[in-house]
Peer 1: 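Provided herewith is a single structure, encoded as structure tokens, for subsequent inquiry.
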Amino acid sequence: MKNKIKIFFKTLYEIVNRPEMEVLPGHLAFYFMMMLIPLLTLLGSILTNFELVSTSISQVIYGHLPSSIADIVISVSRQDVSSLSLWIILIPTLILASNGTYSMIITSNSVYKVRPKGNVILAYIKDRTKAFIMLVVLIFIFLFLILVPTLGNVIFKIIGNIVTNENIVNNTYYILFKILKYPVTFLFVFLSIKVLYVMAPDTKIKMKDTNIGAFFTSLTWVIVTLGYSYYIQYFSSYETFYGGLSSLLFLMLWIYLLSYMFVLGIALNASKARGELQMIEENDK
């Protein structure tokens, strides 16, 4: 067991020092940021449908997000989702954001040494369609991360206060939510990322062959999100010298770290598929 842990971290160190790790996470993080608009549109739609856009919710949004992004959430949440002007903005944004998941496909093919086969145009259309499906999966992952581990406590308290008109800190359901929040988040993220890791390369990948990368990515995503949630809960509402800029900085840092860990997970899966982990173990022996 001790030897396997040593092998894992040795492989991880070698992956981190690869040239592509200096470029791809930042590239992916940019498109993750582009996902914010369709994601916030979906979030606004949820708030509207459940009539949660109250003064309390508005205060939470403005207190925990950069003001420019908070303005988008509030304005979108008050729009009719069937509005033509909304979809004129949303559809091109989704297409642009899908470049991020398309870059995952290209990167996975590069890491797995997969070469394009057959008609180039048909292959491109297939990858673009797959990238859009992957984008939808990623949007729901991010939406879950925002609504459950990041803002879950605050939202739960507000909904509880509206429904029961009393403080629910000692409520059984709230305590149960706090206990199950991160185990459920890990399971949801783990299964979702396994789906993405299987879909991304243009070659057949078995579900079980993505376990190591999905486990590593899910664990680090939960830890990073826990850190971001802690910042939001205790520090983001404080006025600092930088004002709203600090909130934007931590939001971008959170997304970059998620991107970096996601790419590391792909590389770990590819290393296992090529037998590099076993090769290192044999060399150590």
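Along the sequence shown, residues are numbered consecutively beginning with 1.
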Peer 1: I'd like to know whether CD1 of I121 has more than 12 heavy-atom contacts from other residues, nucleotides or ligands below 6.0 angstrom.
Peer 2: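 Incorrect, the count does not exceed 12.
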Peer 1: Report yes if some heavy atom in the side chain of M261 is under 4.5 Å from a heavy atom in the side chain of L219; otherwise report no.
Peer 2: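 No, side chains not in contact.
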Peer 1: Look at the side-chain heavy atoms of Ile, Leu, Val, Met, Phe, Trp and Tyr, link any pair under 4.5 Å apart, and say whether L226 and M252 land in one connected group.
Peer 2: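 No.
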Peer 1: Please round to the nearest 0.5 Å and tell me the distance separating atom OG of S108 and atom CG of D127.
Peer 2: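 Those atoms lie 10.5 Å apart.
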Peer 1: Linking I/L/V/M/F/W/Y whenever any side-chain heavy atoms sit under 4.5 Å apart, do V136 and I105 land together?
Peer 2: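 Yes.
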Peer 1: Nearest 0.5 Å, please: how far is CG in N269 from NZ in K206?
Peer 2: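 K206 NZ to N269 CG: 14.5 Å, rounded to 0.5 Å.
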Peer 1: Drop me the distance from L138's CG to I193's CD1, to the nearest 0.5 angstrom.
Peer 2: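 Reported value, rounded in 0.5 Å steps: 8.0 Å.
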Peer 1: Determine whether V148 and F177 satisfy the following criterion, side chain to side chain contact (heavy atoms under 4.5 Å, CB included), listing intermediate values before the conclusion.
Peer 2: CA-CA 9 Å; V148 179; F177 170 77; 4.2 Å; yes
Peer 1: What is the minimum heavy-atom distance between A131 and S98, and which atoms define it?
Peer 2: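 Shortest heavy-atom separation between A131 and S98 comes out as CB-O, 3.8 Å.
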Peer 1: Cut-off 3.5 Å, side chains only: do T217 and Y197 have a donor facing an acceptor?
Peer 2: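 A donor-acceptor contact under 3.5 Å links the two side chains.
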Peer 1: Establish whether F190 and I139 are linked, either directly or via other cluster members, by ILVMFWY side-chain heavy-atom contacts under 4.5 Å.
Peer 2: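 No, no single cluster joins them.
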Peer 1: Decide side chain to side chain contact (heavy atoms under 4.5 Å, CB included) for Y256 and V224; before the verdict, give the C-alpha distance in whole Å, the side-chain angles of both, and the deciding distance to 0.1 Å.
Peer 2: CA-CA 10 Å; Y256 178 78; V224 169; over 6 Å; no
Peer 1: Answer whether the closest heavy-atom distance between the side chains of N99 and F30 falls below 4.5 Å.
Peer 2: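 Answer no - side chains too far apart.
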Peer 1: Identify the two heavy atoms, one from T225 and one from P149, that lie closest to each other, and give their separation to 0.1 Å.
Peer 2: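 Result for this residue pair: CG2-CG, 3.8 Å.
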Peer 1: Are L191 and I141 connected in a single hydrophobic cluster, I mean Ile/Leu/Val/Met/Phe/Trp/Tyr linked by side-chain heavy atoms less than 4.5 Å apart?
Peer 2: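 In one cluster with I141: L191, no.
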Peer 1: State, with a plain yes or no, whether a side-chain heavy atom of F262 is found less than 4.5 Å away from one of M104.
Peer 2: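 Yes, close enough: below the 4.5 Å cut-off.
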Peer 1: Establish, from distance only, whether the side-chain atoms of N211 and K194 form a donor-acceptor pair under 3.5 Å.
Peer 2: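 Yes, because at least one side-chain N or O of N211 sits under 3.5 Å from a partner of the opposite role on K194.
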Peer 1: Are the side chains of F216 and I212 in touch, meaning some heavy atoms are under 4.5 Å apart?
Peer 2: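 Heavy-atom side-chain distance check fails, nothing below 4.5 Å.
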Peer 1: Where the side chain of N109 meets the backbone of V114, is there a donor-acceptor pair that is under 3.5 Å apart?
Peer 2: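 Side chain of N109 to backbone of V114, a donor-acceptor pair under 3.5 Å: no, none is there.
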Peer 1: Keeping to residues at least two apart or across chains, list the side chain to side chain donor-acceptor pair (under 3.5 Å) pairs with something in residues 130-141.
Peer 2: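 Only K130-D202 qualify under side chain to side chain donor-acceptor pair (under 3.5 Å).
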Peer 1: Can you list the steps and then say if M21 with L264 is a side chain to side chain contact (heavy atoms under 4.5 Å, CB included)?
Peer 2: CA-CA 8 Å; M21 291 304 300; L264 272 180; 3.8 Å; yes
Peer 1: Taking the six-membered ring for Trp, are the ring centroids of F215 and F186 within less than 6.0 Å of each other?
Peer 2: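 They qualify: ring centres under 6.0 Å apart.
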Peer 1: Report yes if some heavy atom in the side chain of L145 is under 4.5 Å from a heavy atom in the side chain of T185; otherwise report no.
Peer 2: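 SC-SC contact between L145 and T185 confirmed.
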Peer 1: Test of understanding: clusters of I, L, V, M, F, W, Y form through side-chain heavy atoms closer than 4.5 Å, transitively. Do M207 and I266 belong to the same one?
Peer 2: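 Linked, M207 and I266 end up in one cluster.
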Peer 1: Taking the side chain as every heavy atom from C-beta outward, state whether T210 and I205 have any atom pair closer than 4.5 Å.
Peer 2: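 Yes; the side chains approach each other to less than 4.5 Å.
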Peer 1: Let's go through F132 and T101 carefully: what are the C-alpha distance in whole Å and the side-chain angles of both, what is the deciding distance for side chain to side chain contact (heavy atoms under 4.5 Å, CB included) to 0.1 Å, and is it a yes or a no?
Peer 2: CA-CA 7 Å; F132 191 83; T101 45; over 6 Å; no
Peer 1: Between Y182 and V222, which heavy-atom pair has the shortest distance, and what is it?
Peer 2: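 Residues Y182 and V222, closest heavy atoms: CD2-CG1, 3.5 Å.
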Peer 1: To check you understand the geometry: which heavy-atom pair defines the closest contact between S259 and L28, and what is its length?
Peer 2: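 Heavy atoms only, the tightest pair is OG-C, 3.9 Å.
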